[in-house]
Novice: 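Shown below is the structure under consideration.
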Amino acid sequence: MRPPDGPRAVATGVVFLTLLLLGGAGAAPGGPVSRAGSLPVGHTVPTGTTAAPRPSLSKIDLDVARSPYLPAYDPLDQEFYVPGSGTNEVSVINGTTVVANLTVGLSPMFAVYDGADGEVYVSNSGASSVSVLAGTTVVANVSVGRDPGEAAYDPADGLVYVPNAGTGNVSVIHGTSVVATLRAGPTDAVAVFDPAQSYVDVLNTAAGNVTVLSGTSLVGTVTVGADPSAALYDSADGYLFVANGGASSISVLSGRSVVGTLSVGSQPQAMAFDNFSGRIFVPDLGSSEVTVLHGTTVLGKIGVGASPGFAAYDPVDGAVYIANQQSNTVTIVNGSTDGTLATIPVGDFPQAIAVDDLTGAVAVTNYDTDNVSLFLVPSFPVTVVASGLPGGTPWSVMIGRRGLGSTTGEVVADLANGTYAFSLGAVTDFTGSPASGVFTVTGAPVRIPVAFTEQYAVTFDAGGLPSGTNWSVTLGHTLATTNGSTITFDRPNGTYAYAANATGFSPIPATGNITVDGTPPAVVALAFSVTRPPAYPVAFTVGGLPTGAAWTVTLNATSTTSTNATIGFAEPNGSYAYRVSAPRGLAATPAEGIVEVEGSAVGVAIALFARPTGEFAITFLASGLPAGTPWSVSLGGSPGNSSVAVIAFTEVNGTYTFTVGALAGLAATPSTGSVPVNGSAVTVTVAFRSTAGPPPPPTGLAALTAPDLLGLEAVVLAGVVAVLAIRRRRRAA
């Protein structure tokens, strides 16, 4: 039985083609592809070269389930899955052998590969179900809507979207469960994934539009041309190309907008993207031609067989394969030059094409002769030879996307000419070298030697850290971090440099070398201690100290007594209270205050004066005043002036009003007030701040640096004594 004429018969081809361009694993119809220089992993074509056909292409025919339709390729199991639309079977081809005929639902027509689960989803059009296959096992049969069609796999969400032509909706499958059913309109049972927007687009042929889905939500509808029947995503431009079979045109979509319309031949039904040349090949079913596009430009046409209905790009040789339904042939076109390379007879009514883009094998389903024409290429053994592993140790290697394992000393893969990437799998207690690389097959066998070296534990044991503290060790070029008590590395024999670290703590040893020699595990004991912050000098210098007299400064609860004019401390950054005790018969000003340590040395000037009987010191202490700035205070009508941070008066008991003199650009707090004197000295702190911006940080008294201290005593003696002499007065209580 031949499929019905019209869009449905060939529309599915383009969706599967896009899957092929993705390279199988994790691929989705309409998924990302790439231009020359960025081919799928394991396959590269040197930039600037011209792809050429294989010199000795061979073909064999394999009988499969009746009326084979749209196949899928599983790159992990290296198998083609061919739905027999005239039966309830799916034929599984491995190499050149049909290894199984799996019983599924009635009239299976479409297959799509899910790279996340490594499973194949087959839409059973006559059974309203989807069969989930893994290898040669039917994992599940999932009920969906009527007449399910070509599904799309979304690798971002791990979802499979199945459009149901008979019910006009889309079943969204995760694993083996339907997680949502979305209304899509009169669908033609074709869905395609747009990775640029993370959209799934469902083609509605009867309505001439595209339904756009995202996750399990309906995003909107885009109007295109008549009878949209196929779509293809071009990652080079980020556009989705929709073939309008009834309008002989291509609609170019960006997200939900049509950004252009291209005229092509009669009844475009499928497309292929050549990710080496960047060309798009559009078979025109109503003619014997293929229209060639590049981006949104029509380059020309290529003559092929009658009724070209399906196209597929083979990245191994850079050729595009065209299935000519009415000629029963396949035309091979050079994707870079658009030249026709060969026309090869196949079975009756070649329906669809699948490509193994690792080996380059091409499978063509022949609908009327119930078989598959399998195009094969010469392959050559690539042997990865391992040394250094004990007998029976399992190990593995990835070649492209194909994983190969062994418990012997070698693995073998048969590969066509081309350039491939490989990487070794992890083996417990061993390291392999080289761990990865690239090799080229050029018509001869290839041997790749890899050497495994046994590894030994290197353990760092931390002591002295509070529970839960993060700490780290760098061994060689590897950094490891933990909040536990140990860090362990696996290393082969050798000598390695290490460095330990923990914020706020100092390790001993902080660095060193550790030698691994295959003896019992190497252990490095680390002793962590709290890191002391840097301390800065804080110097108190007094003026007017009699010879031999002792005075005391208490800073941050630490007291120091001296007969010298300077008493020094060392403190980290912070704010510290101080108090000065003067020798008998003398008074200190200021007698107390705050010192701010901010990353440098700090000096505090103290003045001593004789304490008159019945008179007490009234000290005005300035903070925030730039060093050397003249300022003034009037107390009870008596003026006081200074260019240091202290102005002092002596008064008998009583209450006195004061006013701080105005300074340009500065505001004083308090600027006025009253001071009560009741048998003891009084200190008034005046805070200055800039009126032009945020207040400067407190500066203590004069915030003197170490060099300033050299002349400080002379300044205090001359300045403070003069201040006291001018401002001394008496008042009655």
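One-based numbering along the sequence shown. On a predicted model such as this, the values are computed, not experimentally measured, just so you know.
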Novice: Under 3.5 Å, side chain of T223 to main-chain N/O of N209, donor-acceptor pair present?
Specialist: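 The answer is no, because no donor-acceptor pair under 3.5 Å joins these two groups.
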
Novice: Which residue pairs pass the salt bridge (charged side-chain N to carboxylate O under 4.0 Å, His left out) test when at least one of the two sits in residues 283-292, sequence neighbours left out?
Specialist: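 The answer is D284-K301.
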
Novice: State, without any angle test, whether T365 and Q351 hold a side-chain donor-acceptor pair at a distance under 3.5 Å.
Specialist: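 On atom types as modelled, these side chains do not qualify, holding no pair under 3.5 Å.
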
Novice: Return the OG to CG distance between S307 and N328, rounded to the nearest 0.5 Å.
Specialist: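 Taking OG in S307 and CG in N328, the distance rounds to 10.5 Å.
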
Novice: So how far is it from N169 CG to N164 CG, rounded to the nearest 0.5 Å?
Specialist: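 Interatomic distance, N169 CG to N164 CG, rounded to 0.5 Å: 5.0 Å.
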
Novice: Taking ring-ring contact (aromatic ring centres under 6.0 Å, His included) as the definition, give me every residue that meets it alongside F80, ordered by chain and number, with sequence neighbours left out.
Specialist: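 Only Y73 meet the ring-ring contact (aromatic ring centres under 6.0 Å, His included) criterion with F80.
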
Novice: Please check if any side-chain donor atom of D274 sits under 3.5 Å from a side-chain acceptor atom of Y313, or the reverse.
Specialist: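 Yes - a donor-acceptor pair under 3.5 Å links their side chains.
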
Novice: Apply side chain to side chain donor-acceptor pair (under 3.5 Å) to S229 and D227, showing your working.
Specialist: CA-CA 6 Å; S229 54; D227 299 329; over 6 Å; no

Novice: For S423, enumerate each residue passing the side chain to side chain donor-acceptor pair (under 3.5 Å) test, keeping only those at least two apart in sequence or located in another chain.
Specialist: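 S423 satisfies side chain to side chain donor-acceptor pair (under 3.5 Å) with no other residue.
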
Novice: What donor-acceptor contacts under 3.5 angstrom involve side-chain atoms of residues 131-139, with partners at least two apart or in another chain?
Specialist:
{"unit_1": "S131", "atom_1": "OG", "unit_2": "N124", "atom_2": "ND2", "d": "3.0"}
{"unit_1": "S131", "atom_1": "OG", "unit_2": "N141", "atom_2": "OD1", "d": "2.5"}

Novice: Output all residues satisfying side-chain contact (heavy atoms from CB on, under 4.5 Å) with S406, sequence neighbours left out; order by chain, then residue number.
Specialist: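 Checked S406 against side-chain contact (heavy atoms from CB on, under 4.5 Å); matches are W395, T408, V411.
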
Novice: Got V258 and V252 here, is their nearest side-chain heavy-atom distance under 4.5 Å?
Specialist: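 Not touching, per the 4.5 Å side-chain cut-off.
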
Novice: Only counting residues at least two apart or in another chain, list the ones meeting side chain to side chain donor-acceptor pair (under 3.5 Å) with Y81.
Specialist: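 In terms of side chain to side chain donor-acceptor pair (under 3.5 Å), with neighbours along the sequence ignored, Y81 is linked to E79.
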
Novice: Is the closest side-chain donor-acceptor distance between T211 and N204 under 3.5 Å?
Specialist: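 N204 and T211 do have a side-chain donor-acceptor pair below 3.5 Å.
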
Novice: So do V172 and L182 actually touch side chain to side chain, heavy atoms under 4.5 Å?
Specialist: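 Yes, side chains in contact.
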
Novice: Nearest 0.5 Å, please: how far is CZ in R66 from OG in S107?
Specialist: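 Answer for the OG-CZ pair, S107 versus R66, is 10.0 Å.
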
Novice: Go through the side-chain N and O atoms of S249 and N244 and say whether any donor and acceptor fall under 3.5 Å apart.
Specialist: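 Indeed, the side chains of S249 and N244 share at least one donor-acceptor pair under 3.5 Å.
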
Novice: Do the side chains of Y121 and D114 get nearer than 4.5 Å, heavy atoms only?
Specialist: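 Yes, at least one pair of side-chain atoms sits under 4.5 Å.
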
Novice: Less than 4.5 Å apart, any side-chain heavy atom of I60 and any of L376?
Specialist: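 I60 reaches L376 side chain to side chain.
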
Novice: Might you point out which heavy atoms bring F110 and E150 nearest each other, and give the distance in Å?
Specialist: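 Closest heavy-atom pair between F110 and E150: CB-OE1, 3.4 Å.
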
Novice: Could you work out, with side chain to side chain donor-acceptor pair (under 3.5 Å) as the rule, every residue matching N88, not counting sequence neighbours?
Specialist: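 Once residues adjacent in sequence are excluded, N88 has no partner under the side chain to side chain donor-acceptor pair (under 3.5 Å) criterion.
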
Novice: Contact between V144 and I173 at the side-chain level, heavy atoms closer than 4.5 Å - yes or no?
Specialist: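 Touching, per the 4.5 Å side-chain cut-off.
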
Novice: Scan side-chain atoms only and decide if S91 and N101 contain a donor-acceptor pair under the 3.5 Å cut-off.
Specialist: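 Per modelled atom types, S91 and N101 side chains form a pair under 3.5 Å.
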
Novice: Would you please name every residue forming a side-chain contact (heavy atoms from CB on, under 4.5 Å) with R256, sequence neighbours left out?
Specialist: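 Counting only residues at least two positions away or on another chain, R256 forms a side-chain contact (heavy atoms from CB on, under 4.5 Å) with Y199, V212, V219, V222.
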
Novice: Measure the shortest side-chain to side-chain distance between S251 and F241 over non-hydrogen atoms and say whether it is less than 4.5 angstrom.
Specialist: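 They are not in contact (no side-chain heavy atoms under 4.5 Å apart), so the answer is no.
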
Novice: Dump the intermediate steps for side chain to side chain contact (heavy atoms under 4.5 Å, CB included) on L424 and S436, then the final yes or no.
Specialist: CA-CA 6 Å; L424 294 177; S436 61; over 6 Å; no

Novice: May I ask you to check whether Y113 and Y153 place their ring centres under 6.0 Å from each other?
Specialist: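 No - the distance between ring centres of Y153 and Y113 does not fall below the 6.0 Å cut-off.
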
Novice: Restricting to non-hydrogen atoms, name the atom on A311 and the atom on P283 that form the minimum distance, rounded to 0.1 Å.
Specialist: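 That closest heavy-atom pairing would be CB-CG, 3.8 Å.
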
Novice: Restricting to pairs with a member in residues 208-229, which pass ring pair (Phe, Tyr, Trp, His ring centres under 6.0 Å), not counting sequence neighbours?
Specialist: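 Passing the test, one end in residues 208-229: no pairs.
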
Novice: Taking the side chain as everything from C-beta on, heavy atoms only, tell me whether V192 gets closer than 4.5 Å to Y233.
Specialist: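 No, too far: nothing below the 4.5 Å cut-off.
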
Novice: By side-chain contact (heavy atoms from CB on, under 4.5 Å), which residues pair with S128, not counting sequence neighbours?
Specialist: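 So S128 forms a side-chain contact (heavy atoms from CB on, under 4.5 Å) with R146.
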
Novice: Are N371 and T369 linked by a side-chain donor-acceptor pair shorter than 3.5 Å?
Specialist: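 Result is yes, a qualifying pair exists.
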
Novice: Under 4.5 Å between any side-chain heavy atoms of Q325 and F310, yes or no?
Specialist: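 No. Closest side-chain heavy atoms not under 4.5 Å.
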
Novice: List for me each residue that meets side chain to side chain donor-acceptor pair (under 3.5 Å) alongside T329, sequence neighbours excluded, and say none if there are none.
Specialist: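 Side chain to side chain donor-acceptor pair (under 3.5 Å) list for T329, sorted by chain: N324.
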
Novice: Minimum heavy-atom separation for T205 to P228, with atom names?
Specialist: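 The answer is OG1-O, 2.8 Å.
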
Novice: Which residues pass the salt bridge (Lys or Arg N to Asp or Glu O under 4.0 Å) test with D61, not counting sequence neighbours?
Specialist: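 Residues passing salt bridge (Lys or Arg N to Asp or Glu O under 4.0 Å) with D61: K59.
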
Novice: Could you go through the side chain to side chain donor-acceptor pair (under 3.5 Å) check for D348 and N366 one step at a time?
Specialist: CA-CA 6 Å; D348 292 347; N366 302 308; over 6 Å; no

